[in-house]
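What you see is a predicted model, and the numbers here were worked out from it, not measured in a lab. Within every chain, numbering begins at 1; the chains are lettered A, B, ... in the order of the sequence lines, protein sequences first and strands thereafter.
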2 protein chains.
Amino acid sequence: MRRAGDALVLDRFLPYRLSALSNRVSRAIARAYEAAFDLSIPEWRVMAVLGREGGLTASALADATQMDKVAISRAVARLTRSGRLKARAEAGDARRRALFLTPRGLAVYEQIAPLALAYEQQLMTALSQSERHALAALLDKLDHASRALGDIAR
Amino acid sequence: MRRAGDALVLDRFLPYRLSALSNRVSRAIARAYEAAFDLSIPEWRVMAVLGREGGLTASALADATQMDKVAISRAVARLTRSGRLKARAEAGDARRRALFLTPRGLAVYEQIAPLALAYEQQLMTALSQSERHALAALLDKLDHASRALGDIAR
DNA sequence: TCCATTTAGTTTCATTTGTAACTGATGTCC
DNA sequence: GGACATCAGTTACAAATGAAACTAAATGGA
């Protein structure tokens, strides 16, 4: 076990491990989405949220995906251009617009969602049932901790 | 528990969770290193490796840090400019150069390493001893799985 | 020995991403 | 009701990143 005072070994260092793992996973996925559907990860995230629940505004999306509003704006613009997303004016506030997948967008979503889940399953085959639960719980805790720290570091 | 056929909910989706967590952690760290030491994360990784074991070549560094050779080249160039790293020609092969931290570089390393470990400890306070072990083991398994999958997806 | 191939590392260029400034609309409070 | 702050979303610009082309050195046959 590592204790305070121990040396810093890069591949035992949590932030580094997270980054390396996340990058490898994301890159593999990005390649697949890009090749098969001409879709970047931010675009896919927007679709993933709207596929389940249409009618959100850009800032609700930013909230749900944890991406910043610029990334959302770009993803929405590109998805609109490719005919996969459509915006409706919201009554009452001319700034906000409710976003929906078009039928074409929905069709893409319904193709990708199972693939995404299958990919995740593949990753997860390495883990037993109880390990999967443990992982989810650990990620929850780290999420909370990192939020708290992030605020401090800023 | 989620089963095949279940809906894809972004914030239960492992690749997304990893990415969100890793980004938050990395950003917090990057901010700190940048502000205090004028050091990017790739540069810091290079220092972290060389601080423990000097004399590696650029490709050995690429291996150790999992960054690609372009990133290494840039980090090394910048660290050299700032007087924190020095290269020695290697006898026998004129292409390779052995890389070392300068005394100044080493001094920086010795300042940062404890900070980095402390940050990690802070994150880890959220976890019990046994949870930390469990996390390390899970990350190992996911690492392996992701390597295998990455090759397939490519 | 000489040519083709591989390897180490750098440079170049296109794309992505992040930050800040901006536009237009709404809310606020005196 | 008007001046000012705030909010939703976009645009503009700079920095980071990635892929591919490139340079120079070493290797490996025939």
Side-chain angles (χ1 to χ4, degrees), chain A residues 19-20 22-24 26-31 33-35 38-46 50 55-81 85-100 150 153-154, chain B residues 19-20 22-31 33-35 38-46 50 55-81 85-99 150 153-154:
Chain A
S19 160
S22 162
N23 282 342
R24 195 160 39 245
S26 288
R27 228 194 312 269
I29 294 183
R31 240 187 281 271
Y33 291 174
E34 155 67 29
D38 183 34
L39 210 58
S40 71
I41 287 197
E43 289 166 50
W44 158 241
R45 285 185 184 163
V46 165
L50 291 182
L56 301 182
T57 65
S59 38
L61 275 178
D63 215 50
T65 58
Q66 301 232 55
M67 307 193 294
D68 77 317
K69 59 185 184 165
V70 177
I72 299 287
S73 172
R74 291 197 258 241
V76 166
R78 189 143 185 278
L79 287 171
T80 304
R81 256 181 271 124
L85 184 151
K86 205 183 31 150
R88 285 190 208 144
E90 275 212 338
D93 193 331
R95 294 170 304 180
R96 305 179 175 204
R97 302 186 318 147
L99 304 169
F100 299 87
R154 198 158 315 159
Chain B
S19 159
S22 162
N23 281 344
R24 196 162 37 246
V25 169
S26 289
R27 229 196 307 272
I29 295 183
R31 241 187 280 270
Y33 292 175
E34 157 66 28
D38 183 34
L39 211 56
S40 71
I41 287 199
E43 289 166 49
W44 158 240
R45 285 184 184 164
V46 164
L50 291 181
L56 300 183
T57 66
S59 38
L61 275 177
D63 214 52
T65 59
Q66 301 233 53
M67 308 193 293
D68 77 316
K69 57 185 185 166
V70 178
I72 300 287
S73 172
R74 291 197 257 243
V76 166
R78 190 142 185 279
L79 288 171
T80 304
R81 256 182 271 124
L85 182 151
K86 204 182 34 147
R88 286 190 207 144
E90 274 212 339
D93 192 329
R95 292 169 306 179
R96 303 180 175 203
R97 301 184 320 146
L99 304 169
R154 197 157 314 160

Can you tell me the distance, in whole Å, between the CZ atom of A/Arg78 and the C1' atom of D/dT10? 18 Å
Can you sort out the partners of A/Ser59 under side-chain contact (heavy atoms from CB on, under 4.5 Å), two or more places apart, ordered by chain and number? A/Thr57
Trace of the side chain to side chain contact (heavy atoms under 4.5 Å, CB included) decision for A/Thr80 with A/Leu85: CA-CA 5 Å; A/Thr80 304; A/Leu85 184 151; 3.6 Å; yes
Base-paired stretches in DNA chain C with three or more consecutive Watson-Crick or G-U pairs, both distances under 3.5 Å, amount to C:1-30 with D:1-30
Please report the interatomic distance CD(A/Glu34) to CD(A/Glu43), rounded to the nearest 0.5 Å. 9.0 Å
Spacing of B/Arg24 atom CZ relative to C/dG18 atom P, expressed in whole Å: 14 Å
For A/Phe100, ring-ring contact (aromatic ring centres under 6.0 Å, His included) partners two or more places apart: none
For a quick check of understanding: with a heavy-atom distance under 4.0 Å over all strands, which category does B/Asp68 fall into, base, sugar-phosphate or nothing? nothing
Please give, in whole Å, the distance from C/dT7 P to B/Glu90 CD? 17 Å
What is the separation between atom CZ on B/Arg27 and atom P on D/dA16, rounded to the nearest whole Å? 14 Å
Show me the donor-acceptor pairs, under 3.5 Å and distance only, between side chains in residues 65-77 of chain A and residues at least two apart or in other chains.
{"residue": "A/Thr65", "atom": "OG1", "partner": "A/Leu61", "partner atom": "O", "Å": "2.8"}
{"residue": "A/Thr65", "atom": "OG1", "partner": "A/Met67", "partner atom": "N", "Å": "3.3"}
{"residue": "A/Asp68", "atom": "OD1", "partner": "A/Ala71", "partner atom": "N", "Å": "3.4"}

What distance separates A/Arg45 CZ from A/Leu50 CG, expressed to the nearest 0.5 Å? 14.0 Å
Side-chain donor-acceptor pairs under 3.5 Å in residues 86-93 of chain A, sequence neighbours left out?
{"residue": "A/Asp93", "atom": "OD1", "partner": "A/Arg95", "partner atom": "N", "Å": "2.9"}
{"residue": "A/Asp93", "atom": "OD1", "partner": "A/Arg95", "partner atom": "NE", "Å": "3.1"}
{"residue": "A/Asp93", "atom": "OD2", "partner": "A/Arg95", "partner atom": "NH2", "Å": "3.0"}

Which atoms form the tightest heavy-atom contact between A/Ala98 and A/Gly55, and what is the distance? CB-O, 3.6 Å
In B/S/- notation, 5' to 3', how is nucleotides 8-17 of chain C contacted by protein heavy atoms closer than 4.0 Å? SBBBB----B
Using whole Å, report how far CE of B/Met67 lies from P of D/dA19. 15 Å
